[in-house]
Amino acid sequence: MLGKLLKYEWKGLCSPLLVMLAVLGGTTALTCGVILTINPKYDETIAWYSMMALILSIFLYYFGLIGCTLGTMLIIAIRFYKTCYTDQGYLTHTLPVSTRLILNAKLLASILAYFLMLLAIFATIFIIIQVAMHHIFSLLPGDYNELRREFSREFSSLLYEFEDDLGIGFGAYIAYLIVYFIVAIFSNIVTILGCVSLGQLFTKHRVAGAILAYFIVQFVMQIIGYLCSLPMYTRMLITDSYSDNLTPFAIMSPTMNLVLLTTVILAVVMYFVNLHMMTKKLNLE
């Protein structure tokens, strides 16, 4: 049954997600196209226009990133609100499945949509960097393939120095960031849905209540994040005062671990907030 619920949720999220991916792809193609027009052999007037076009395209791409990220969260929140707390909620809550299963299906589908959008964003950034590198190497004097190999060698040497500079191996650091990234995605989606559910405590202005709940949660998390950063500042002072051989990762890791822990706690709390509101406090419009 979970598979059928996931399929139904994905159908509702797929179309608007594809629209935003198309917008992201369009801004990426525009930026890459403008990059390829830059040529130092042009006269000053054409070069100036090319640089202005590049700056404008980068700004357009940046706003496209922001719009797609926020738009995905907005689509997830709107769909959850409509299918759980409006007239459509009558159909949702009369399905012959438990409320927990409905919530899990919505969470998994929302997390998948958000993850695909973030993955697409990382892919477009990688593409733009590769196009820019290709264009720069093609304009530089010398053999193109040799320039690429020299860049690869320099990059590899930086990776070897990574552990000495940061205090953790590159592979271990990437694994740490992946775990951090996955937990952050899950917590962010559960928090958004939880705030939508908390908005139902307001009788007349539920959307405004959900927005207010989101800002309150973020404000509280900002305060907690500041408190979690105190160990990092303390270690930085110790390092400066006593010349301790603490590595940058050893200084940052306590704060990152505390933030990760509070993020997990927030996700758990918001999950049960959703479950409670959908079972005990359900009040459909």
Side-chain angles (χ1 to χ4, degrees), residues 65-86 89 99-100 102-115 117-118 121 176-237 249-283 285:
L65 293 185
I66 301 299
C68 288
T69 305
L70 295 179
T72 302
M73 292 191 294
L74 190 61
I75 288 170
I76 290 170
I78 291 173
R79 175 162 179 81
F80 182 70
Y81 171 71
K82 285 185 174 181
T83 57
C84 288
Y85 298 112
T86 63
T99 303
R100 187 185 296 272
I102 293 173
L103 177 59
N104 291 342
K106 290 184 177 298
L107 280 174
L108 291 174
S110 300
I111 289 170
L112 177 60
Y114 193 62
F115 177 76
M117 177 54 67
L118 293 181
I121 289 173
Y176 184 87
L177 290 182
I178 290 174
V179 173
Y180 207 97
F181 179 70
I182 293 172
V183 173
I185 290 177
F186 181 80
S187 178
N188 196 22
I189 297 301
V190 178
T191 301
I192 291 171
L193 301 190
C195 291
V196 172
S197 295
L198 287 174
Q200 308 316 300
L201 295 174
F202 295 82
T203 306
K204 295 182 178 180
H205 304 287
R206 297 184 178 185
V207 175
I211 295 173
L212 178 63
Y214 182 78
F215 279 108
I216 291 174
V217 170
Q218 293 302 314
F219 178 73
V220 172
M221 291 303 295
Q222 288 289 334
I223 295 176
I224 294 174
Y226 172 76
L227 294 176
C228 290
S229 65
L230 292 179
M232 180 179 67
Y233 295 137
T234 302
R235 289 200 171 197
M236 290 173 65
L237 291 174
F249 185 76
I251 295 173
M252 296 185 299
S253 58
T255 295
M256 297 177 70
N257 292 335
L258 285 174
V259 171
L260 186 63
L261 178 61
T262 57
T263 302
V264 172
I265 294 173
L266 176 65
V268 173
V269 170
M270 282 299 181
Y271 179 84
F272 285 104
V273 165
N274 281 305
L275 200 58
H276 177 74
M277 294 299 298
M278 292 174 67
T279 54
K280 304 297 184 182
K281 298 288 185 180
L282 187 62
N283 184 18
E285 291 183 348

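- Taking both residues in full, the closest heavy atoms of S110 and I189 are given as CB-CG2, 3.6 Å, listed atom of the first, atom of the second, then distance.
- When atom types are taken as modelled, the side chain of N104 and the backbone of R100 share a donor-acceptor pair closer than 3.5 angstrom.
- Summarising the geometry, atom CG belonging to L74 is positioned 9.0 Å from atom CD1 belonging to I192; distances are rounded to the nearest 0.5 Å.
- Side chain to side chain, Y85 and S197 meet the donor-acceptor criterion of an N or O pair below 3.5 Å.
- A267 and V190 make their closest contact through O-CG1, 3.3 Å (heavy atoms, listed as atom of the first residue, atom of the second, distance).
- Considering only heavy atoms from C-beta on, I224 comes within 4.5 Å of M221 through its side chain.
- Checked by atom type and distance alone, the side chain of T191 pairs as donor or acceptor with a backbone atom of S187 at under 3.5 Å.
- Going from atom CZ of F80 over to atom OG1 of T86 covers 11.5 Å, rounded to the nearest 0.5 Å.
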From CA spacing to verdict: side-chain contact (heavy atoms from CB on, under 4.5 Å), K106, C84: CA-CA 10 Å; K106 290 184 177 298; C84 288; 3.3 Å; yes
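- Residues L261 and N257 form no side-chain contact, since every pair of their non-hydrogen atoms from C-beta on lies 4.5 Å or further apart.
- Considering every non-hydrogen atom in both V259 and T263, the closest pair reads O-OG1, 2.7 Å.
- Rounded to the nearest 0.5 angstrom, F181 CZ and L118 CG are separated by 4.5 Å.
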CA sep, side-chain torsions, deciding dist, call: V269, V273, side-chain contact (heavy atoms from CB on, under 4.5 Å): CA-CA 6 Å; V269 170; V273 165; 4.3 Å; yes
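- Of the inter-residue distances, the one linking Y271 atom OH with L193 atom CG reads 11.5 Å to the nearest 0.5 angstrom.
- Going from atom CG of L103 over to atom CG of L107 covers 4.5 Å, rounded to the nearest 0.5 Å.
- Taking every heavy atom of both residues into account, V217 and L266 meet most closely at CG1-CD1, 4.1 Å.
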CA sep, side-chain torsions, deciding dist, call: T72, F115, side-chain contact (heavy atoms from CB on, under 4.5 Å): CA-CA 10 Å; T72 302; F115 177 76; over 6 Å; no
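- The shortest non-hydrogen separation linking G194 to M270 is CA-SD, 3.9 Å.
- Rounding to the nearest 0.5 Å places CG of L198 at 13.5 Å from CD1 of I211.
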